[in-house]
Amino acid sequence: MTLVQIPSLAEIGAGIGLVAGGACDKASSAVQHFINTPSVAENGLNLLAAQIDVLEQLVAALREVAVGIEAVHDKLAITVELEWQSPAGNAFRQATAARQQQAQALQQTTVETATLASQGIDELRLLISSLQSLVAAARTAAGTTAGATVARVCA
């Protein structure tokens, strides 16, 4: 026959206290980890925000292209004013004038595209900022609620 020793109530209470204390420490650590570690959504928003800089570089390059096209337009304007009185000169002036109009239209389109892209980037920045604020508020609210619950259960 095997003899089983039943622990006293004080020993059982001490054991429960050790288990509960460990669980409370783990729960508290988990809440702190949740609060301090960025979520997948936050990491994604941060990555998206970093890519906006690349878009701004593209817009800056587009503006440089517009300046270059304007320079071509100006050179074509000077060429059209050349005094070359002959059928070939007239044909050259007509062709140059047509290219000048194309350059002007292209330059205008490029400037408009860069302006629209800049506005889009600004709107994207605002949207990302709003989403980051909402995620941070949700994280704070969830962390506060979880922390209060752990504190109440473990008290």
Side-chain angles (χ1 to χ4, degrees), residues 2-80 95-155:
T2 306
L3 212 53
V4 177
Q5 184 176 2
I6 299 174
S8 68
L9 246 93
E11 292 172 327
I12 292 173
I16 291 173
L18 287 174
V19 169
C24 287
D25 289 344
K26 292 280 186 192
S28 180
S29 292
V31 169
Q32 288 304 315
H33 183 265
F34 172 78
I35 290 171
N36 296 327
T37 304
S39 67
V40 173
E42 288 171 307
N43 286 334
L45 289 171
N46 292 338
L47 184 61
L48 185 58
Q51 293 305 310
I52 288 176
D53 294 336
V54 174
L55 290 175
E56 286 183 328
Q57 290 172 2
L58 290 173
V59 170
L62 192 58
R63 290 187 194 283
E64 288 177 21
V65 167
V67 169
I69 293 170
E70 186 177 20
V72 167
H73 173 269
D74 293 345
K75 287 179 183 177
L76 289 172
I78 292 169
T79 305
V80 170
T96 304
R99 297 298 180 263
Q100 183 183 13
Q101 289 173 350
Q102 290 173 342
Q104 187 175 17
L106 183 59
Q107 190 265 349
Q108 182 179 355
T109 301
T110 305
V111 168
E112 289 171 358
T113 302
T115 300
L116 289 173
S118 290
Q119 290 170 352
I121 288 171
D122 291 343
E123 290 174 12
L124 188 56
R125 279 190 193 279
L126 287 172
L127 179 62
I128 290 171
S129 178
S130 295
L131 289 173
Q132 286 173 326
S133 295
L134 287 172
V135 169
R139 173 184 292 285
T140 300
T144 300
T145 301
T149 302
V150 168
R152 190 172 59 243
V153 168
C154 293

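In this text, all values refer to a predicted model and were calculated from it rather than measured experimentally.
Every side chain to side chain donor-acceptor pair (under 3.5 Å) that Gln132 has, sequence neighbours left out, goes to Asn46. Residues that satisfy the side-chain contact (heavy atoms from CB on, under 4.5 Å) test with Thr113, not counting sequence neighbours, are Leu62, Thr109. Every residue was checked against the salt bridge (charged side-chain N to carboxylate O under 4.0 Å, His left out) condition with Glu64, not counting sequence neighbours, and none meets it. Residues satisfying the salt bridge (charged side-chain N to carboxylate O under 4.0 Å, His left out) test with Glu112, not counting sequence neighbours, are none.
In this structure, the side chains of Ile128 and Ile52 come closer than 4.5 Å at one or more pairs of heavy atoms. Residues Asp74 and Ile78 form no side-chain contact, since every pair of their non-hydrogen atoms from C-beta on lies 4.5 Å or further apart. Between Glu42 and Leu131, every side-chain heavy-atom pair lies at or beyond the 4.5 Å cut-off.
Side-chain atoms of Ser129 do not come within 3.5 Å of backbone N or O of Arg125 as any donor-acceptor pair.
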Show which side-chain atoms of residues 145-155 pair as donor or acceptor with protein atoms under 3.5 Å away, not counting sequence neighbours.
from	atom 1	to	atom 2	distance (Å)
Thr145	OG1	Ala141	O	2.9
Thr149	OG1	Thr145	O	2.9

Side-chain atoms of residues 96-105: list all donor-acceptor pairs with protein atoms under 3.5 Å, sequence neighbours left out, distances to 0.1 Å.
from	atom 1	to	atom 2	distance (Å)
Thr96	OG1	Phe92	O	2.7

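Closest of all the heavy-atom pairs between Val59 and Ser118 is CG1-OG, 3.4 Å. Of all heavy-atom pairs between Val111 and Ala66, the closest is CG2-CB, 3.8 Å.
Partner of His33 under the side-chain contact (heavy atoms from CB on, under 4.5 Å) criterion, out of Thr37, Val31, Ile35: Thr37 alone.
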